[in-house]
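Here's the structure, in structure tokens; my notes come after.
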Number of protein chains: 2
Amino acid sequence: MQATREKILDAVFKLVYINGYNGTSMAMILKECAIPKGSLYHYFKSKKEMVLSVVKERIHPRMNEFYQLDVEENVEGIDTIISSIYKVSKKELLVSYGCPLNRLNQEMSPVDKDFEEAINLIYNSLRKKIEVLLNNSSLIEGVDAESLSEFIIATVWGSISLSPKQSSQKRYLATINHLINYLKSLKI
Amino acid sequence: MQATREKILDAVFKLVYINGYNGTSMAMILKECAIPKGSLYHYFKSKKEMVLSVVKERIHPRMNEFYQLDVEENVEGIDTIISSIYKVSKKELLVSYGCPLNRLNQEMSPVDKDFEEAINLIYNSLRKKIEVLLNNSSLIEGVDAESLSEFIIATVWGSISLSPKQSSQKRYLATINHLINYLKSLKI
DNA sequence: TATAAAATAGACCATTCAGTCTGTTTTAAG
DNA sequence: CTTAAAACAGACTGAATGGTCTATTTTATA
């Protein structure tokens, strides 16, 4: 049944989000979704393949949902970016647990090529969207859209990765406000 | 012998830096430093205690060495910060493997209070140093030193955590250049 | 030089790990 | 209704895990 597979992906996403890849055992997963081992290994041939599926089928869509970076008619691209950054502060889980993609990236990318690849795919698609939005904006001269898009992601992800330390989204907003200031200063 | 303890800490730092906490086994550590188990457990009562010692005795000094953030006579604090950020790009390991503190933070802080505490201590000391330097600067009115210090760390750490994806320090510099621009715009 | 403490040494242990194996039940197609 | 494939079920396996235990060697000190 397809529902079983989805149930497994949900459980794995949740546990890996909190405990990381190596911190999550198959026993924990089995217990969380109350599914026998035979069933799980019917859908996934290994733990690694399973978590990679989570990256593609759970984390990727989640990132697209969190960062609403699609081009809108009659809206300056850079304003879409700014409002997207604000909206992130409303996502409590994200601000209090950190970014699931970045968490997994820190743990797995240096150590496993397949994870690095799957994670880079998501990172690049987000970065590219931001670059497109920047190119759809009236900016002062000499602004490099590519490095600026990297700067934006680096700052937002950095802020989120530190925000669990800081008590709340208030802190995230105070931090991120500097980024917004900078972005506004680049508008014509 | 004290040298044995130091050797162990070096090996653990290296392996945990690359593989993470849960990705590094005692067997790997023992092999790396070619020391029998009895000796190792003579110096450390557990893996966790050992890695916490690495945080305090290896990572903390390393961070202070990497980020040279001490107040200098006749130098604007903000210029010290800017040159420190530039200097980070010279540290190849940092830019190509990511920040060891941030790596461990992402993996362990959400899951273990002791790690969270030890890591926060370092984070706060760095942040405070930056705040002091900002207060030692002639900045335009209305700049909040606390949130700005958080913003600086978030951006630098974010850039470093993404820099392994980007081939080189060139990319780190291009990204971080936006931060420098912003900081310069805050000077009187 | 005698003696206790510090340090080295590695065999050993219980537990947990990811993954396999052999069935049984359910579902869908002819 | 028959039959094959899909799905469920969980006992079992070998390797790896962090940690213990006992014994020996080295070092420092009285």
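Below, chains carry the letters A, B, ... as their sequence lines are ordered, and counting in each starts from 1. None of the values given here were measured: they were computed from a predicted structure.
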(request) Specify the separation, in whole Å, of atom NZ of A:Lys45 and atom P of D:dA6. (result) 18 Å
(request) Measure the distance from CG on B:Leu30 to P on C:dG10 and round it to the nearest whole Å. (result) 10 Å
(request) Round to a whole Å and report the spacing from CD1 of B:Ile8 to C1' of C:dA7. (result) 11 Å
(message) Please determine whether a side-chain nitrogen of the Lys or Arg among A:Arg5 and A:Glu57 lies less than 4.0 Å from a carboxylate oxygen of the Asp or Glu.
(response) yes
(request) Determine the contact category for B:Ser25: base if any of its heavy atoms lies under 4.0 Å from a base atom, sugar-phosphate if only primed atoms, P, OP1 or OP2 are that close, otherwise nothing. (result) sugar-phosphate
(message) Testing the 3.5 Å rule here: is there a donor-acceptor pair between the side chains of B:Thr155 and A:Thr155?
(response) yes
(request) Please state how far atom CE in B:Met28 lies from atom P in D:dA15, giving the value in whole angstrom units. (result) 19 Å
(request) Taking the side chain as every heavy atom from C-beta outward, state whether B:Tyr67 and B:Lys129 have any atom pair closer than 4.5 Å. (result) no
(message) Tell me whether the rings of A:Tyr182 and B:Tyr182 are parallel (<30°), tilted (30 to 60°) or perpendicular (>60°).
(response) perpendicular
(request) Measure the distance from CG on B:Asn19 to C1' on D:dT17 and round it to the nearest whole Å. (result) 15 Å
(message) From CE of B:Met26 over to P of C:dA14, roughly how many Å is that when rounded to an integer?
(response) 20 Å
(message) Counting only side-chain heavy atoms from C-beta out, which of C:dA7, D:dA7, D:dC8 sits nearest to A:His42?
(response) D:dA7
(message) Please tell me if A:Tyr41 has a side-chain N or O lying less than 4.0 Å from either OP1 or OP2 of C:dC21.
(response) no
(message) Among D:dG10, C:dA18, C:dT8, which nucleotide has an atom closest to any side-chain atom of A:Lys47?
(response) C:dA18
(request) Give the rounded distance in Å between these two atoms: NZ of A:Lys37 and C1' of D:dC12. (result) 10 Å
(message) Looking at A:Tyr21, I'd like to know if the NZ or CZ of A:Lys47 sits under 6.0 Å from its six-membered ring centre while staying within 45 degrees of the ring's axis.
(response) yes
(request) Using a cut-off of strictly less than 4.0 Å, decide whether A:Thr4 has a side-chain nitrogen or oxygen near OP1 or OP2 of D:dA7. (result) no
(message) Using the side-chain heavy atoms of A:Ala27, tell me which of these nucleotides is nearest: C:dC17, C:dG10, D:dG19.
(response) C:dC17
(request) Round to a whole Å and report the spacing from CG of B:Leu40 to C1' of D:dT20. (result) 13 Å
